[in-house]
*Asks:* 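The structure's right below; bear with me while I get my questions together.
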2 protein chains.
Amino acid sequence: MSTETMKRELYQAIAKVAQALGSGNRLQLLEFMAQGERSVDALAAMTGMTVANASQHLQALRRAGLVAARKDGQRVYYRVAGDDVVRLHHGLRVVAESRLAEVRQLVNEFLGDRGGLEPVLAQELLARAKKGLVTVLDVRPREEYEACHLRGAVNIPIDRLESELARLPRKREVVAYCRGPYCLMSFEAVAALRQRGWKARRLEGGFPEWKAAGLPVEASS
Amino acid sequence: MSTETMKRELYQAIAKVAQALGSGNRLQLLEFMAQGERSVDALAAMTGMTVANASQHLQALRRAGLVAARKDGQRVYYRVAGDDVVRLHHGLRVVAESRLAEVRQLVNEFLGDRGGLEPVLAQELLARAKKGLVTVLDVRPREEYEACHLRGAVNIPIDRLESELARLPRKREVVAYCRGPYCLMSFEAVAALRQRGWKARRLEGGFPEWKAAGLPVEASS
DNA sequence: CTAATATTCAATTGATCGCTTGAATACTAT
DNA sequence: ATAGTATTCAAGCGATCAATTGAATATTAG
C-alpha cells in the first residue's frame with residue numbers, strides 16, 4: 001500500500017476521536033465523568049438526556065477509547081479512560097474559547113459578572129499552599145470530595161458554607177474550587193466569603209484539570 | 001435562560017471545534033499548514049484532494065477558528081490560527097495513539113521497522129544542544145527551513161544528504177528532524193547516517209511540535 | 001418465580017456531512 | 001479587452017448521525 005493511502009487511513013482513524021468529541025452532549029458527559037465514575041442514569045439525569053440517549057453517547061465515547069465501563073450489580077459505571085482524555089477535553093475548551101467569538105460570548109453570558117473574579121493559577125496555589133499561606137476549600141458535595149480532592153483541601157459543600165464558616169481561619173486567604181471552569185459553586189463561595197470579610201479567590205479550572213495536570217491529590221480514608 | 005440550557009449551548013459551540021477536527025482530510029491539511037502558510041492548490045496537491053474539496057475543508061476549518069487566510073494576488077494562503085491549534089492537533093494524536101488499538105497498529109505499519117529508532121525528547125535535545133554536544137539537522141526542503149527552523153539547526157535536504165555529508169562533523173552526535181511524527185524524512189536520514197558511521201538519532205515529533213511548545217526557533221535572513 | 005430497576009438494542013425520522021461536478025468570481029499577464 | 005489561473009460557490013447524491021420510541025436483556029429484591 002502506498003504511504004499516501006496509509007497516511008489517509010491513519011488520519012481517518014485519528015479523526016474518530018475528534019468525531020467523538022464533536023457533540024455538546026458528549027462533552028458534557030465527559031465533564032461529569034471527569035469528577036469520577038458515574039452510572040448511566042446518574043449521567044442521564046445530570047445532563048437532562050433520556051437514559052437510552054445517554055447510553056448510546058457513552059457507547060460512542062467508548063468506541064473512541066475515551067471512556068471505560070465497569071459493571072457492578074445492575075449498574076454500569078463509566079469513567080474517563082485516562083488523564084490524557086481530560087487534558088484533551090481541556091485543550092479543546094481552551095482553543096474554542098480563544099478562537100471562537102461565539103464561545104467567548106457564551107462563556108461571558110454564562111458566568112455573568114462573576115467573570116470578574118480573577119482566578120489563582122494552579123502553580124501559584126501549589127506554591128502558596130506549601131508555605132501554609134492559604135486555606136484550600138473544596139465546595140463540592142461530600143461524596144465527590146471523599147472520592148478524591150486536592151491534597152490538604154478542606155471540604156465544606158456550598159450549601160453548608162454559611163453554617164460552617166467557623167472552620168475557616170479568618171487570617172489566611174481562602175482559595176475555593178469545585179468541578180471545573182463551568183461550575184458555578186466556587187464563584188458563589190468566593191462571593192459569600194468576601195461578603196463576610198474573608199480574603200477569597202477561586203482556583204482556575206477545577207478538580208479534574210488539577211488532577212489531569214499531575215498535581216497532588218488524595219482520597220478520604 | 002436557565003443555566004442548563006446555557007451550558008448546553010456553550011458545549012454545543014465548543015463541539016464545533018471538535019467537529020472540524022473530525023475528518024482525516026482536515027487533520028492532514030492542518031499538518032501541512034503547521035509547517036507554514038500554504039496556498040489552496042498546494043494543499044490540494046499535497047493531500048491528493050480536488051481543489052474544490054480542499055477549499056471547502058479549509059473553509060470549514062476557518063469557520064471553526066482553527067485556520068486563518070491571507071489573500072495575495074490571485075492566491076489565498078491558509079495558516080493555522082495559532083500554536084494552541086497545533087498543540088490541540090498534537091494532543092488529539094497522542095490520545096488516539098494511546099487509546100485506539102487500531103491507530104497504534106496503523107502507526108506501526110506506517111513506520112514499519114523504523115519505529116525502533118528511539119527518539120530524542122525535545123527537552124533533552126535543548127539541553128544537549130546548549131552544551132554543544134550535538135549537531136541539529138533539518139532535513140526538510142530549503143524553503144521550509146528558511147521560513148523557520150529550530151535555532152542553530154543545519155539544513156541538508158534529505159535528497160542532498162549523501163552529497164553534503166562533509167558538512168556534518170563526525171565526532172558529534174547528529175539529531176535529525178523533519179515535518180512531524182508521520183514524516184519519514186528524518187527516519188531515512190538517521191538510517192543513512194548510521195550506515196556511514198555517524199551516531200545519529202531523530203527528534204521526537206518534528207518542527208511544528210517544537211515551535212508550538214514555545215521552544216526556540218529562528219528564520220533565515 | 002415474579003416484579004422492579006438499569007441498561008442496551010433496534011427501527012425510524014429528519015438533519016448534517018463529504019465529495020463530485022460544473023459554473024461563477026477574482027485576479028494577473030499580455 | 002482577452003485568456004489563463006486560483007479560488008469559491010451551488011446543486012445533488014449517498015452516507016452517517018442525533019434523538020425518539022418501544023422492546024429486549026440482565027440483575028436484584030421480595
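Chain naming here is simple, since letters A, B, ... match the order of the sequence lines and numbering starts at 1 in each.
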*Asks:* For B/L43 and D/dA6, give me the distance from atom CG to atom P, rounded to whole Å.
*Replies:*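 Taking CG of B/L43 and P of D/dA6, I get 14 Å after rounding.
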*Asks:* To the nearest Å, how far apart are B/L58 CG and C/dC19 C1'?
*Replies:*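 The distance from CG of B/L58 to C1' of C/dC19 comes to 15 Å, rounded to the nearest Å.
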*Asks:* Measure from the side chain of A/R75, starting at C-beta and using heavy atoms only, and say which of C/dC27, D/dT20, C/dT7 lies closest.
*Replies:*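 Of C/dC27, D/dT20, C/dT7, C/dT7 is nearest to the side chain of A/R75.
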*Asks:* Taking A/Q35 for its side chain and A/F32 for its backbone only, find out whether a donor-acceptor pair lies under 3.5 Å.
*Replies:*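 No; judged by distance alone, with no hydrogens or angles, the pair does not exist.
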*Asks:* Round to a whole Å and report the spacing from CD of A/Q74 to P of C/dA3.
*Replies:*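 After rounding, the gap between these two atoms is 17 Å.
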*Asks:* Quick check for you: among C/dG18, D/dT7, C/dT7, whose closest atom lies nearest to any side-chain atom of A/S55?
*Replies:*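 Comparing C/dG18, D/dT7, C/dT7 against the side chain of A/S55, the answer is C/dT7.
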*Asks:* For the side chain of A/N25, counting heavy atoms from C-beta on, which of C/dT8, C/dT20, D/dA19 is nearest?
*Replies:*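 The nucleotide sitting nearest to the side chain is D/dA19.
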*Asks:* Kindly point out which of C/dT8, D/dA19, D/dT7 is positioned nearest to the side chain of A/A52?
*Replies:*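 Shortest atom-to-atom distance from the side chain points to C/dT8.
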*Asks:* Could you go step by step and tell me if A/R202 and A/V190 meet the side chain to side chain contact (heavy atoms under 4.5 Å, CB included) rule?
*Replies:* CA-CA 7 Å; A/R202 53 177 286 278; A/V190 168; 3.8 Å; yes
*Asks:* When the nearest nucleotide of DNA chain D is assigned to B/Y77 and to A/D72 on a heavy-atom basis, which residue is associated with the more 5' position?
*Replies:*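 Of the two residues, B/Y77 wins.
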*Asks:* Is it true that a side-chain atom of B/Y145 and a backbone atom of B/V154 form a donor plus acceptor pair closer than 3.5 Å?
*Replies:*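 Between the backbone of B/V154 and the side chain of B/Y145 there is no qualifying donor-acceptor contact (under 3.5 Å).
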*Asks:* Using heavy-atom distances to pick each residue's nearest nucleotide on DNA chain D, tell me which of A/Q19 and A/K71 is more 5'.
*Replies:*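 That would be A/Q19.
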*Asks:* Taking only side-chain N and O atoms of A/N53, does any of them lie within less than 4.0 angstrom of OP1 or OP2 on D/dT20?
*Replies:*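 Answer yes for this pair, as a side-chain N or O of A/N53 is under 4.0 Å from OP1 or OP2.
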*Asks:* Does the distance from a Lys or Arg side-chain N to an Asp or Glu carboxylate O, for B/R140 and B/E146, drop under 4.0 Å?
*Replies:*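 Not counted as a salt bridge, because no side-chain N and carboxylate O are separated by less than 4.0 Å.
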*Asks:* Of the nucleotides D/dG4, C/dT8, C/dT20, which has the atom closest to the A/V51 side chain?
*Replies:*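 Given the options D/dG4, C/dT8, C/dT20, the side chain of A/V51 is closest to C/dT8.
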*Asks:* Is there side-chain contact between A/M6 and B/Y182, with at least one heavy-atom pair below 4.5 Å?
*Replies:*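 They are not in side-chain contact.
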*Asks:* Just the rounded figure in Å: distance from C1' of D/dA18 to CD of A/Q28.
*Replies:*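 Going from CD in A/Q28 over to C1' in D/dA18 covers 15 Å.
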*Asks:* What is the distance, rounded to the nearest whole Å, between atom CG of B/L61 and atom P of D/dT8?
*Replies:*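 The distance from CG of B/L61 to P of D/dT8 comes to 12 Å, rounded to the nearest Å.
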*Asks:* Between D/dA6, D/dT7, D/dA19, which nucleotide gets closest to the side-chain atoms of B/V76?
*Replies:*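 So the nucleotide nearest the side chain must be D/dT7.
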*Asks:* In terms of side-chain heavy atoms of B/S23, which of C/dG18, C/dA26, C/dT8 is nearest?
*Replies:*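 In terms of side-chain proximity for B/S23, the closest of C/dG18, C/dA26, C/dT8 is C/dG18.
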*Asks:* Separation of B/R70 atom CZ from D/dA6 atom P, in whole Å?
*Replies:*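 For the pair B/R70 CZ and D/dA6 P, the rounded distance is 16 Å.
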*Asks:* Would B/R26 and B/E31 pass as an ion pair if we require N to O under 4.0 Å?
*Replies:*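 Salt bridge absent between B/R26 and B/E31.
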*Asks:* Is B/Y78 close enough to D/dT8 that one of its side-chain N or O atoms is under 4.0 Å from OP1 or OP2 there?
*Replies:*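 For B/Y78, the contact criterion (side-chain N or O under 4.0 Å from OP1 or OP2 of D/dT8) is met.
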*Asks:* Expressed in angstrom and rounded to an integer, what is the separation of B/R63 atom CZ from C/dG18 atom C1'?
*Replies:*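 These atoms are roughly 12 Å apart.
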*Asks:* Heavy-atom nearest nucleotide on DNA chain C for B/R26 versus A/R62: which residue maps closer to 5'?
*Replies:*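 The 5'-side residue here is A/R62.
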*Asks:* Is any side-chain N or O of A/H57 closer than 4.0 Å to OP1 or OP2 of D/dA19?
*Replies:*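 Indeed, a polar side-chain atom of A/H57 lies that close.
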*Asks:* Send over the distance from A/M49 CE to C/dT8 P, rounded to a whole Å.
*Replies:*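 Roughly 13 Å, once rounded to whole Å.
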*Asks:* Consider the side chain of B/Q59, meaning its heavy atoms from C-beta on, and name the nucleotide among C/dA26, C/dC9, D/dC9 that approaches it most closely.
*Replies:*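 Selected nucleotide: D/dC9.
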